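What follows is a short report on a single structure.
FYI, side chains are in, hydrogens and waters are out, and symmetry mates aren't considered; it's all heavy atoms of this structure. First the proteins, then the strands, lettered A, B, ... as listed; each starts at 1. Everything numeric in this text was worked out from a predicted model, so none of it was measured.
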Amino acid sequence: MTTRVAAAAPRVLRRFLCTNSASFSSPSFPFIPSPPSGAAPVPARPTAEPNPNLFVSGLSKRTTTERLREEFAKFGEVVHARVVTDRVSGYSKGFGFVQYATIEEAAKGIEGMDGKFLDGWVIFAEYARPRPRLGQHVNNATQYGRQ
DNA sequence: AGTGAGCGC
């Protein structure tokens, strides 16, 4: 169902799935701040910039790292893939990461796998956020979410 | 919990 898909979708994609934006496109709608003309093209919704690493969500709990790798390998050379699992229970958390050799392959991986079915679930593939170094603290200003 | 949004050690 579309509602299930929308519920499982990341926030960035929900605008795509919920296309009833007619009531929100009214100029008199008070909660939509009109973007200043000539403003910077920085997106209000934080989307990670294109990079070879993908964040894949909406996975079935049964989907394994091997399965993830072989499905995404149809669209490019996968240098690394991992389904994130709970360390004590060993069960999948329902998301994972796929790293391609190049950004071009990552783009094809998104086009080929985003919104597609994998083990019975609609999965979502997008560019992963850069992971902070191990044991290194991050500056708040350089993080995603707020500029 | 096979709990359904999410960003990994």
Please confirm whether A/Phe55 and A/Phe97 have ring centers closer than 6.0 angstrom. yes
A/Ile123 CD1 - B/dG6 P separation (whole Å): 17 Å
Does any residue of residues 73-83 of chain A have a heavy atom under 4.0 Å from DNA chain B, and if so, which ones, in number order? A/His80, A/Arg82
A/Val56 and A/Phe124: same hydrophobic cluster, using ILVMFWY side-chain contacts below 4.5 Å? no
Find the distance A/Leu59:CG to B/dC7:C1' and express it as a whole number of Å. 12 Å
Out of B/dG6, B/dT3, B/dG8, minimum distance to the side chain of A/Phe95 belongs to B/dG6
Between A/Gln99 (CD) and B/dC7 (P), how many Å, whole number? 19 Å
Nearest whole angstrom, please: distance from the C1' of B/dG8 to the CD of A/Glu126. 14 Å
Compare the ring of A/Phe97 with the six-membered ring in the base of B/dG8 and state whether they stack (centres under 5.5 Å, planes under 30°). yes
Nearest-neighbour nucleotide for the A/Arg129 side chain, B/dG4, B/dG8, B/dC7 considered: B/dC7
Once rounded to the nearest 0.5 Å, what's the spacing between atom NE2 of A/His80 and atom OG1 of A/Thr65? 8.0 Å
Sub-4.0 Å heavy-atom contacts from residues 86-93 of chain A onto DNA chain B, ordered by number: A/Arg87, A/Tyr91, A/Lys93
Can you tell me if A/Lys108 uses its side chain to pair, donor with acceptor, with the backbone of A/Glu104 under 3.5 Å? no
Sub-4.5 Å side-chain heavy-atom contact between A/Phe72 and A/Tyr100: yes
What are the two closest heavy atoms between A/Ala48 and A/Ala128, and how far apart are they? CB-O, 3.6 Å
Residue pairs passing the salt bridge (Lys or Arg N to Asp or Glu O under 4.0 Å) test where at least one lies in residues 57-68 of chain A, sequence neighbours excluded: A/Arg67-A/Asp119
Considering all heavy atoms of both residues, which atom of A/Ser60 and which atom of A/Ser92 are nearest to each other, and what is their separation? O-OG, 4.2 Å
When all nucleic acid strands are considered with a 4.0 Å heavy-atom cut-off, which category describes A/Asp119: base, sugar-phosphate, or nothing? nothing
State, with a plain yes or no, whether a side-chain heavy atom of A/Val122 is found less than 4.5 Å away from one of A/Phe117. yes
